[in-house]
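Nothing fancy with the numbering, it's 1 onward along the sequence.
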Amino acid sequence: MSANATQTSLELEDLATSRTSVPVNNRKSWMFLGLGLILAVGIFLRLPPMLFAGHGAPLRSLSAIHPNPGFDGIGYDENLYRGYVDDLTRYGLTSYPYFAERYLVLQTRLPGAILPPTRFVYVYSGYLCHLIFDTDSLTSLHLASSIFSMLLLLLSCVFAWRLGGATMGISVTSLMAFAPTQIHMSQHALIDGVFAFWATLSLWLLWENLQRPDRLRWLAAYGVALAVMVLTKENALFAYVALLTLLVANYWLRFGVVTRSLLGVTVLGPLAGVVTLVFLCGGADTFYEVYRLLVSKASVLPYAIATGDGPWYRYLVDLLLVSPIIFLLACGAIFKLRVAEKQALFLVLFMAGSYVVMCNVRYGMNLRYANMWDMPLRYLAVLAVMDWVRSIRWRQEISLGGIVALLCAFDLRQYQIFFVQHNLYELVTGGLLHALRILK
């Protein structure tokens, strides 16, 4: 735990204990009750819109307070994912090589790129939801997006708690519950929220393995997370480069202990994911052609050329537009970081390592891809708030809770502006600027 986070957490807990006569066990009960309420609200906000539709739906009475997105159409990618789920339902998993071959035939004829069947985890998750809930393919994909967004919320709670203690865990969970892009990803059949879960899980498990070297269960979980991340989306390259950056930086920053076992799993985990994709595609040649066509056709797609370009700092601008206070607080925390604050540096380097790759992909920038930065940004924002609250000698816990609540309310308002009032679907700079009336 970092020096600032440790000191702040201890100060807040000691203050609460000394100024009240509430027993420690009773205080913990209230703390977990509050956390449960936060998680319940966050899960409610992530429920898919179709649960509130139709007569007699069990949650219909709650539809008035649920921030249903303004865009209720079917996106281009959503339609393709639906087709893959339909094919999987109709022909079964053993026919997956046929899907890859058909993709090659279709993609060769088209001038621009379409998403490949190698995004297996999301397609298969939609298929499983179809089997479990007996819903159509598009609804099943919506359910998969919603479930993974909820899982990411829970993971953020555990990750932040392990890094910075109870106060940090509850605060970060609160901010993640109301994060605009997190809610947005849960409301549509989009893969980026699913990928963010696996990338964040891989990041957390790397931290745990650095703290607890050569523990078999942690190594196994880390390897599986890396493999599944590769099976989810080709953006795994961005997160993987960031994880390698952390392992290299550990030589100087000493996040933990890097062992041969950890390095081996870091290589074998993604390799297992690639081998599985080769198997699903029916061979190495087909696998190679799928990605070669995807890369070559994506750079000439008219929509990508129109919306996916920009300077290296485009992601910074987009983050500032969507969650300006969170972004500025996180930047403030970064500028005040010290080498001793290992946890925060770990998160900062993950964002920086992935950012360097992501901002250099020609015609391939979109704020959806930055979903995996939401938890690190909010951890840093809470650090900045805690640093300011430490200077207050009166009711520090109440001050921290009040500020976090205001940040949550502001972010929920941002979601209303972008995704309810202005019906945004794609997170491109032009749409964000129009929603904020910076551009008319």
If you apply the rule side chain to side chain donor-acceptor pair (under 3.5 Å), what do you find for Arg46 with Ser149, and how did you get there?
CA-CA 7 Å; Arg46 285 158 173 76; Ser149 184; 3.0 Å; yes
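- Shown are Phe346, Trp198, Trp218; of these, the ring pair (Phe, Tyr, Trp, His ring centres under 6.0 Å) with Trp204 is made only by Trp218.
- Sparse packing is recorded around CZ of Arg362, with 12 or fewer heavy atoms of other residues, nucleotides or ligands lying under 6.0 Å away.
- In this structure, Tyr127 and Tyr124 have tilted ring planes: the angle between them lies in the 30° to 60° band.
- The neighbour count for Asn360 CG, taken as heavy atoms of other residues, nucleotides or ligands under 6.0 Å away, is above 12.
- Side-chain contact, Tyr122 with Ser145: a donor N or O sits under 3.5 Å from an acceptor N or O.
- Using modelled atom types and a 3.5 Å distance limit, the side chains of Trp373 and Ser354 yield a donor-acceptor pair.
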Could you go through the side chain to side chain donor-acceptor pair (under 3.5 Å) check for Thr266 and Tyr222 one step at a time?
CA-CA 8 Å; Thr266 302; Tyr222 175 55; 3.1 Å; yes
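- Scanning both residues, Arg82 and Leu141, for their nearest heavy atoms gives N-CD1, 3.5 Å.
- Judged purely by distance below 3.5 Å, without hydrogens or angles, the side chains of Thr429 and Arg314 pair a donor atom with an acceptor atom.
- Between the side chains of Asp374 and Thr181, at least one donor N or O sits under 3.5 Å from an acceptor N or O.
- Residue-environment remark: CZ (Phe133) exceeds the threshold of 12 foreign heavy atoms within 6.0 Å.
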Stepwise side-chain contact (heavy atoms from CB on, under 4.5 Å) check, Leu347 with Leu163:
CA-CA 10 Å; Leu347 298 176; Leu163 287 177; 3.9 Å; yes
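- Tyr81 and Arg119 share a side-chain donor-acceptor pair at under 3.5 Å.
- Counted by atom type alone, Thr139 and Asp136 present one or more donor-acceptor pairs between their side chains at under 3.5 Å.
- In summary, the side chains of Tyr425 and Glu78 do present a donor paired with an acceptor at a separation below 3.5 Å, with no hydrogens or angles considered.
- The shortest non-hydrogen separation linking Gly256 to Asn250 is N-OD1, 2.9 Å.
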